[in-house]
Each structure stands twice: as C-alpha cells, then as structure tokens.
2 protein chains.
Amino acid sequence: MGADATLRGFCGYAMKRAFLGVQADLNRVLAPLGLRMMTYSALVVVTDNPGLRQSQLADALAVEKPNMVALVAELVQAGLLTRQRAPDDRRAHALHPTDTGRALAARAIAAVQAHEARITATLGPEELQTLMHALAQVERAALEETHA
Amino acid sequence: MGADATLRGFCGYAMKRAFLGVQADLNRVLAPLGLRMMTYSALVVVTDNPGLRQSQLADALAVEKPNMVALVAELVQAGLLTRQRAPDDRRAHALHPTDTGRALAARAIAAVQAHEARITATLGPEELQTLMHALAQVERAALEETHA
DNA sequence: TATTGTTATACTCTATAACTATA
DNA sequence: TATAGTTATAGAGTATAACAATA
C-alpha cells in the first residue's frame, strides 16, 4: 500500500497498527464481560498467582506502580480480587482472586484464546512462533537501548 | 518468564509490550529533533507525497480525522509543513513540506532507520520479513473481526 | 536508607458527535 | 446528500515526583 511505502517499511508503525487493531478487537470481545485488555491481564495473572503482591503484578504487566493502583482498585470494586495486608511485610498488599473472579477469569480466558486463534488463523504454527520470538527480541533490544 | 507464563502466551500483550518499548525508544531517538513517533510519521508521509490532503494523510496513518488536526497544526507551527487550500476542491487542504521540513525529514529518516536496524539486529532477514508479514496479517484479521 | 503503595499531575493518543463550508 | 476539515469532549494509558508507612 501507499501508506506503508511512504513510511519506508517503518517497522515501529507496523507494530503500532497491528497492536491497536488487536487491542480494539480484544476490547470488543471483553466488553460483554466487563473487562478490558489491562483489567483482563491483571485478573489472569493474579488468578494464576494468588497471593501476588501489587508491585510484582506491576512488574509482570510492565506497568508503573502508580498506574497499578486504579487498575487493582477497579478489580476489587468489581468483586473480582481481594487486597489484604501481607502478614510478613505490612507494607505490601497480597492479591487474591475471589470465586467470582476465578469464574470470570475462566470465561474470559476462553474468549481471549478463541479471539487470538481467529486473529492468527492465517499464520502457520512456525510463523506464529517466529512472531512471538521476534516481538520478545525487539522488546528486549528496545529496553536495552533505552536504559543504556 | 513468569509474566509471560501467567499470561498464557497472550499474543496481544506481547505485541503491546514490544510496541510500547519500541515507541519509547524511538521517541528518545526523535526527541533531539523535536519529533515524536506520530509527528515523524506524518512528516515523512507528506515529504514523500507532497500535495497530499489531510484526509489522505489520516488514512495513510490510520488516524481519525479529528486527531489529524492538531498533529498537522503542530508541524505547520514548527515550520515543517504548509497547509494550503486545494485549488480544485476548496474544502480540502493540500500539505507540502517546507525546505526545513525536507531537511529535518532526511535527518530523521536516517536516525530512525539506524534505530530500527539496532532494534532488529538480532533478527535474521527472513525472520524480520516474517514479523512484518505476520503483523500485517494480524492487523487485517483484527480489523475484519471488528467491522464484521 | 530502601521499598510498598499511594496521591497528584500532566501528557499522548484515541474515539465520537456535531458543526461549517464546500461539493 | 456527501465530503473535508474543524471543534469540543471524553476516555484510556502512560510517566514522574513526592509522600506515608514500613522494612
């Protein structure tokens, strides 16, 4: 297309367009469950790692700690997570899924996996593997550059 | 990694992390030139397509028209683009690079190409090609899903 | 001193509806 | 009627500095 040609094969913009398209479609899939990409991701990580602390969740999602506060509060408010003081470190908040949270996570994971299968349907298995590997490599290289 | 494992191979989040990392590093590279990812992209497209109209630029960048207004205004304000009424359609604005804009675009393109070479240095040529192809496929599939 | 979580704040990008002036 | 550009507005996500409580 003209757009790609005029952007001279700009890889970063291709990543942007693909990500925004996937995110928009994913949010469309998650909306009936009352979730978005970020709230879904946080819910799944906590469900798979009960007792996780907020700072660990922030690390897992690559989100700054201040931005984690509202995200967790939203999930607690929705009755999907609980946030309790950790007994061994009273600064920390341990996060646990509620029964409702676990049930919703199960449904949401199924919906997202189906969604991702549709999104990557035209890719062969090794093509998909190359995509995931290349994304991880590019992310690592970018972070190394930034913090060099 | 734990984070990836707990996200169950969530492709959309891998795309998010890679894109945000690349964008942050790219903006770091562009900042000394007074540009960001979006202003850079607009400047390059207009430089490569002088006389382009604002709505065509919006299409090329996959940006909604209202969001194009401030972006173009910023580039005009910086003396990099001019915006003139199109003689054949007095509703439209034709965009042209200034001499300053062309010169800055040349410098910025070189900087971005060097940046992208660094970011993709660990990928083989066919791996990079697969990445670009897969991104385009995923974007197309997501847009089809959304507008289905 | 360092870390956990928090507040406050600002910026960028995105999305939609409604308007104007032209066509 | 439809299109190009605009205005206004709202929302999501991100980033930094500074603080209190705790380690």
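Residue numbers begin at 1 in each chain, while the letters A, B, ... track the order of the sequences.
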Novice: Take atom CZ of Arg90(A) and atom C1' of dA23(D), then tell me their distance rounded to the nearest Å.
Specialist: 11 Å
Novice: Going by the side-chain hydrogen bond (donor to acceptor under 3.5 Å, both in side chains) test, which pairs reach into residues 100-112 of chain B, not counting sequence neighbours?
Specialist: Asp99(B)-Arg102(B)
Novice: Quick check for you: to the nearest 0.5 Å, what is the distance between Leu61(A) atom CG and Met37(A) atom CE?
Specialist: 10.0 Å
Novice: Start with the C-alpha distance between Arg118(A) and Glu144(B), add both sets of side-chain angles, then the distance that settles salt bridge (charged side-chain N to carboxylate O under 4.0 Å, His left out), and finish with yes or no.
Specialist: CA-CA 10 Å; Arg118(A) 291 193 300 273; Glu144(B) 273 176 15; over 6 Å; no
Novice: Given atom CG of Leu26(A) and atom P of dT14(C), what is their separation to the nearest angstrom?
Specialist: 17 Å
Novice: Could you check whether Arg140(A) pairs with Asp25(B) (Lys NZ or Arg NE/NH1/NH2 to Asp/Glu carboxylate O, under 4.0 Å)?
Specialist: no
Novice: I need the CG-P distance between Asp59(A) and dT3(C), as an integer number of Å.
Specialist: 12 Å
Novice: Grab the N/O contacts between the protein and nucleotides 5-8 of chain C below 3.5 Å, and write none if there aren't any.
Specialist:
residue : atom : partner  : partner atom : Å
dG5(C)  : OP1  : Gln54(A) : N            : 3.2
dG5(C)  : OP1  : His93(A) : N            : 2.7
dG5(C)  : OP1  : His93(A) : O            : 3.3
dG5(C)  : OP2  : Ser55(A) : N            : 2.6
dG5(C)  : OP2  : Ser55(A) : OG           : 3.2
dG5(C)  : O3'  : His93(A) : ND1          : 3.4
dT6(C)  : OP1  : Arg83(A) : NH1          : 3.2
dT6(C)  : OP2  : Gln54(A) : OE1          : 3.4
dT6(C)  : OP2  : Gln54(A) : NE2          : 2.6

Novice: Is Arg8(A) paired with Glu116(B) through a side-chain N to carboxylate O contact shorter than 4.0 Å?
Specialist: no
Novice: To the nearest 0.5 Å, what is the distance between CG on Leu30(B) and CD on Gln23(B)?
Specialist: 10.5 Å
Novice: Could you go through nucleotides 10-13 of chain D and list every protein N or O atom that sits under 3.5 Å from one of its N or O atoms, giving the distance for each pair?
Specialist:
residue : atom : partner  : partner atom : Å
dG13(D) : OP2  : Arg36(A) : NE           : 3.2
dG13(D) : OP2  : Arg36(A) : NH2          : 3.1

Novice: To the nearest 0.5 Å, tell me how far Gln84(B) CD sits from His93(B) NE2.
Specialist: 10.0 Å
Novice: Just checking, is any N or O donor in the side chain of Glu127(A) or Thr130(B) under 3.5 Å from an acceptor N or O on the other one?
Specialist: no
